[in-house]
Amino acid sequence: MIIITMLIICHLSFSSAWAQRVESKISSMEMLVGEQVAITVTAHAKDTARVEFPRSLLIPNGIEVLEAIEEPPVDEGNGMVARRCNYILTSFADTLYPLPPIPVKISGKEYQTNQLALQVLTVDVDTTNFEKYYGPKTIQELPMSWTDDEWGKALWLSFLAVALLLICLWLMMRLKSNKPIIAHIRIIKRVPPHQKAMKAIDEIKAERMVTAENPKEYYTRLTDTLRQYINERYGFNAMEMTSSEIIDRLMKTDDPKSLDELRQLFTTADLVKFAKYSTLINENDANLVSAIDFINQTKQENMPTEEIVKPELTEEQVQSRKMRKVLIAVITVLSVAVVALLAYLAWFMYDLLLY
């Protein structure tokens, strides 16, 4: 029983030691001076093991390590992975170099790779009799081709520049024939709201005797004048609002004390129009004065008296304007392209003739 147990322990130890191992391979055992070779170090370990490749190698003098490149792990099955690191080497001295084993740590335990060797070769050059191998060359006349050499490139660039120039000229003729759409701007005189309201009140005052006989017409004209003034002055539709709604809206903009007389005016007007309330002449005059005071207190002196009106263009005119803008943009781009192409062609020809 003891013997069997020891055999099992030895087998497991041997399997674990064989499972985690490192090895190294070199891409070529020989290379010319200045070339590069790669040493690939592979560590076979469990996927949970921590593998540490050395950043620098203990190598003989005359060999340089250019870089170390680690590759992604490769699954080998049974919970094992292969991790690789490539060391790029070069040398400029021809000799045979023994490469010592490379230490790799797997989960803190150090393993050694196999030993390698590298033979660096050089090419013998006879520097004393180089002329017998490479004599002087005579000047050769190369045949000119319009498709393969530099002259062919210059020719096709010239054709392209001429074609772009012709297209640009044709578009300019189209633009010239398509006459621009000129929209004449009108300036409309605008009467300020307070002036229109005062003019309407003057007309009511001029017809005082007529309106005195018909108080409903009098207050209808007076309140309509105020509603129209409020509509233009404050920007809300007072014509479609009740008297209380107008006063509530004005309370947010003006001094509430200045609206007491206006509220009294609207109240009297509502009684006259809907309750057949009879007023006195002095009461009508007082309400008229209240309307004038409200207009004078709320009028805006610096309002613009002119309005610029741009006429609306037809769909055909709009399309014509767009077409002109497109033509101008295309002509501009083509003109820049032609100038740039001609400049490049001039530089290309100069460089070609110079060298």
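Other residues, nucleotides and ligands contribute only 12 or fewer heavy atoms inside 6.0 Å of the CG atom of Asn61. Counting heavy-atom neighbours within 6.0 Å of Asn237 CG, excluding the residue itself, gives a total above 12. Counted within 6.0 Å of CE on Met239, heavy atoms from surrounding residues, nucleotides or ligands total more than 12; the atom is thus considered enclosed.
In the hydrophobic cluster analysis, where Ile, Leu, Val, Met, Phe, Trp and Tyr join through side-chain heavy atoms closer than 4.5 angstrom, Trp347 is grouped together with Leu342. The same ILVMFWY cluster, assembled from side-chain heavy atoms under 4.5 Å apart, contains both Leu226 and Met251. Taken together through direct or relayed side-chain contacts under 4.5 Å among Ile, Leu, Val, Met, Phe, Trp and Tyr, Leu334 and Leu345 form part of one hydrophobic cluster. Cluster membership check: Ile328 shares its hydrophobic cluster with Ile167, using side-chain heavy-atom separations under 4.5 Å among Ile, Leu, Val, Met, Phe, Trp and Tyr. Hydrophobic clustering, with ILVMFWY side chains joined whenever heavy atoms are under 4.5 angstrom apart, groups Leu271 together with Ile246.
Atom-to-atom distance recorded for Glu283:CD and Gln264:CD is 7.5 Å, nearest 0.5 angstrom. One distance of note links NZ of Lys196 with OG1 of Thr225; it measures 11.0 Å at 0.5 Å rounding. Considering OG1 of Thr90 and CD of Glu67, their distance stands at 12.0 Å, rounded to 0.5 Å. Between atom CD1 of residue Ile69 and atom CZ of residue Arg84 there is a gap of 14.5 Å, rounded to the nearest 0.5 Å. With values rounded to the nearest 0.5 angstrom, Ile201 atom CD1 is found 6.0 Å from Leu222 atom CG. In this structure, CG on Leu250 lies 4.5 Å from CZ on Phe236, to the nearest 0.5 angstrom.
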Next on the checklist: Is there a side-chain contact (heavy atoms from CB on, under 4.5 Å) between Gln20 and Lys46? Walk through the geometry before answering.
Outcome noted: CA-CA 7 Å; Gln20 296 193 146; Lys46 296 181 180 180; 4.1 Å; yes
Item to check | Evaluation steps, side chain to side chain donor-acceptor pair (under 3.5 Å), between Tyr229 and Thr298 | outcome: CA-CA 10 Å; Tyr229 167 75; Thr298 59; 2.7 Å; yes
Item to check | Derivation and outcome, side-chain contact (heavy atoms from CB on, under 4.5 Å), residues Ile63 and Val120 | outcome: CA-CA 10 Å; Ile63 297 181; Val120 181; 5.7 Å; no
Next on the checklist: Evaluate Glu203 against Arg221 for side-chain contact (heavy atoms from CB on, under 4.5 Å), listing each step before the verdict.
Outcome noted: CA-CA 10 Å; Glu203 292 177 358; Arg221 293 178 60 183; 4.2 Å; yes
Checklist entry - Going through the distances and angles, do Ile39 and Leu118 end up as a side-chain contact (heavy atoms from CB on, under 4.5 Å)? => result CA-CA 10 Å; Ile39 295 179; Leu118 176 62; over 6 Å; no
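In this structure, the side chain of Ser91 engages the main chain of Gly62 through a donor-acceptor pair within 3.5 Å. Side-chain atoms of Ser27 come within 3.5 Å of backbone atoms of Ala38 as a donor-acceptor pair (strictly under, hydrogens ignored). No donor-acceptor distance shorter than 3.5 angstrom exists from the side chain of Thr113 to the backbone of Pro101, with no hydrogens or angles considered. With Ser24 contributing its side chain and Asn114 its backbone, the two residues share a donor-acceptor pair below 3.5 Å.
Taking both residues in full, the closest heavy atoms of Lys273 and Thr223 are given as NZ-OG1, 3.6 Å, listed atom of the first, atom of the second, then distance. Nearest approach of Ile106 to His44, heavy atoms of both residues: CD1-O, 4.3 Å. Nearest heavy-atom pair, Pro60 versus Tyr97, reported as atom, atom and distance to 0.1 Å: CB-CD2, 4.0 Å. In this structure, Gln119 and Leu96 approach most closely via the heavy-atom pair OE1-CB, 3.3 Å. Closest non-hydrogen pair, Asn86 versus Glu71, comes out as ND2-OE2, 2.6 Å. Across all their heavy atoms, Leu116 and Lys25 have their closest contact at CD1-C, 4.1 Å.
Within the 4.5 Å cutoff, no side-chain heavy atoms of Ile26 are placed close to those of Leu89. Met172 is not listed as a side-chain neighbour of Lys176, based on a closest heavy-atom distance of 4.5 Å or more. By the 4.5 Å heavy-atom criterion applied to side chains, Phe294 and Glu261 are not counted as neighbours. Using a 4.5 Å cut-off on side-chain heavy atoms (C-beta onward), Ser335 and Val339 make no contact. Between Lys299 and Arg233 the shortest side-chain heavy-atom distance does not fall below 4.5 Å. Within the 4.5 Å cutoff, the side chain of Leu171 has no heavy atoms near those of the Leu175 side chain. Side chains of Ile102 and Pro54 form a contact here, defined as non-hydrogen atoms less than 4.5 Å apart. With contacts defined as side-chain heavy-atom distances shorter than 4.5 Å, the pair Asp270/Thr242 does not qualify.
With respect to Glu245 and Arg227, no salt bridge is recorded, no charged nitrogen being found less than 4.0 Å from a carboxylate O.
Using a 30° and 60° split on the angle between ring planes, Phe159 and Trp156 fall in the perpendicular class, above 60°.
Among Asp293, Asn287, Ile247, the one residue that satisfies the side-chain contact (heavy atoms from CB on, under 4.5 Å) test with Leu262 is Ile247.
Figure legend: Arg249 and Tyr234 shown without cation-pi pairing, the cationic atom not lying both under 6.0 angstrom from the six-membered ring centre and within 45 degrees of its axis.
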